[in-house]
Amino acid sequence: MPTSAALRLWAPVVLWAAVIFTFSSVPDLGTGLGTWDLVLRKIAHACEYAVLGALLLRALRAELPAFGVGVAYAASDELHQHFVEGRVGAPRDVLIDSVGVAVGILVWRRVTR
């Protein structure tokens, strides 16, 4: 694969992963909305990872590897959050992120057919 093609496919993945990492580095993303805060953050997590899933599928061109890489990134993100003061890494969030990755893959597949 020529360098320009690789860059075109992988730069968006790397940039989006950096966005996720940056948000995960913020000690407290709470809005003070109580239960709605939790619900909105979980929806945001799923949406972040849906974008990642779509970008991974675009780069890898195969669903299973894209899903595997997305889930691995979700797990590493939760591990990262474990070391950020005010954040907690949770297996439940890996599951939510994984659902987001799967949705992103499905949507990308449907849109590009």
Side-chain angles (χ1 to χ4, degrees):
M1 175 182 309
T3 303
S4 62
L7 189 60
R8 181 180 56 79
L9 290 173
W10 286 99
V13 174
V14 171
L15 290 172
W16 192 252
V19 166
I20 292 171
F21 184 87
T22 300
F23 280 128
S24 294
S25 299
V26 176
D28 183 16
L29 291 174
T31 61
L33 296 175
T35 302
W36 278 106
D37 180 67
L38 178 67
V39 171
L40 293 173
R41 282 189 294 121
K42 299 309 174 191
I43 291 170
H45 256 262
C47 291
E48 286 176 349
Y49 278 87
V51 172
L52 182 64
L55 292 173
L56 284 167
L57 180 57
R58 178 179 170 266
L60 292 169
R61 297 189 172 102
E63 289 89 352
L64 193 55
F67 183 72
V69 171
V71 171
Y73 191 77
S76 72
D77 182 48
E78 292 305 315
L79 179 63
H80 166 238
Q81 288 182 39
H82 179 74
F83 296 102
V84 175
E85 189 173 333
R87 300 295 295 264
V88 177
R92 173 189 70 234
D93 286 347
V94 175
L95 179 63
I96 292 167
D97 298 343
S98 299
V99 169
V101 170
V103 168
I105 288 170
L106 292 171
V107 168
W108 183 260
R109 198 42 95 197
R110 184 169 292 245
V111 166
T112 59
R113 284 198 176 164

What about W10 and I20, same hydrophobic cluster or not, with Ile/Leu/Val/Met/Phe/Trp/Tyr joined at side-chain heavy-atom distances under 4.5 Å? yes

If you measure from SG on C47 to CG on D97, what distance do you get to the nearest 0.5 Å? 11.0 Å

Would you compute the distance between atom CD1 of I96 and atom OH of Y49 and round it to the nearest 0.5 angstrom? 11.5 Å

If hydrophobic clusters are built from ILVMFWY residues whose side chains come within less than 4.5 Å, do F23 and F83 share one? no

Shared ILVMFWY cluster between V107 and I43, side chains joined below 4.5 angstrom? no

Using 0.5 Å steps for rounding, measure from the CD atom of E48 to the CG atom of D77. 7.5 Å

Going by the side chain to side chain contact (heavy atoms under 4.5 Å, CB included) test, name the single residue among L60, L57, L56, I105 that passes it with F67. I105

Contact summary for W16 and L55, nearest pair of heavy atoms: CB-CD1, 3.6 Å

Note: E63 and R109 closest approach over all heavy atoms is OE2-NE, 2.6 Å

Is a donor on one side and an acceptor on the other found under 3.5 Å between the side chain of R87 and the backbone of V26? yes

Transitive ILVMFWY side-chain link W108 to V19, under 4.5 Å: yes

Shortest non-hydrogen contact between S25 and V84, atoms and distance: O-CG1, 3.6 Å

Closest heavy-atom pair, V71 versus S98, reported as atoms and distance to 0.1 Å, is CG2-OG, 3.3 Å

Quick one: closest heavy-atom pair of Q81 and V88, and the distance? OE1-O, 3.7 Å

Is the CG atom of L64 crowded by more than 12 outside heavy atoms at less than 6.0 Å? no

If I take atom CD from residue E78 and atom NE2 from residue H45, how far apart are they, to the nearest 0.5 angstrom? 5.5 Å

Determine the interplanar angle of the H80 and F21 rings, folded into 0 to 90°, and report it as parallel if under 30°, tilted if 30 to 60°, perpendicular if over 60°. parallel

Does L9 belong to the same Ile/Leu/Val/Met/Phe/Trp/Tyr cluster as Y73, with side-chain heavy atoms less than 4.5 Å apart forming each link? yes

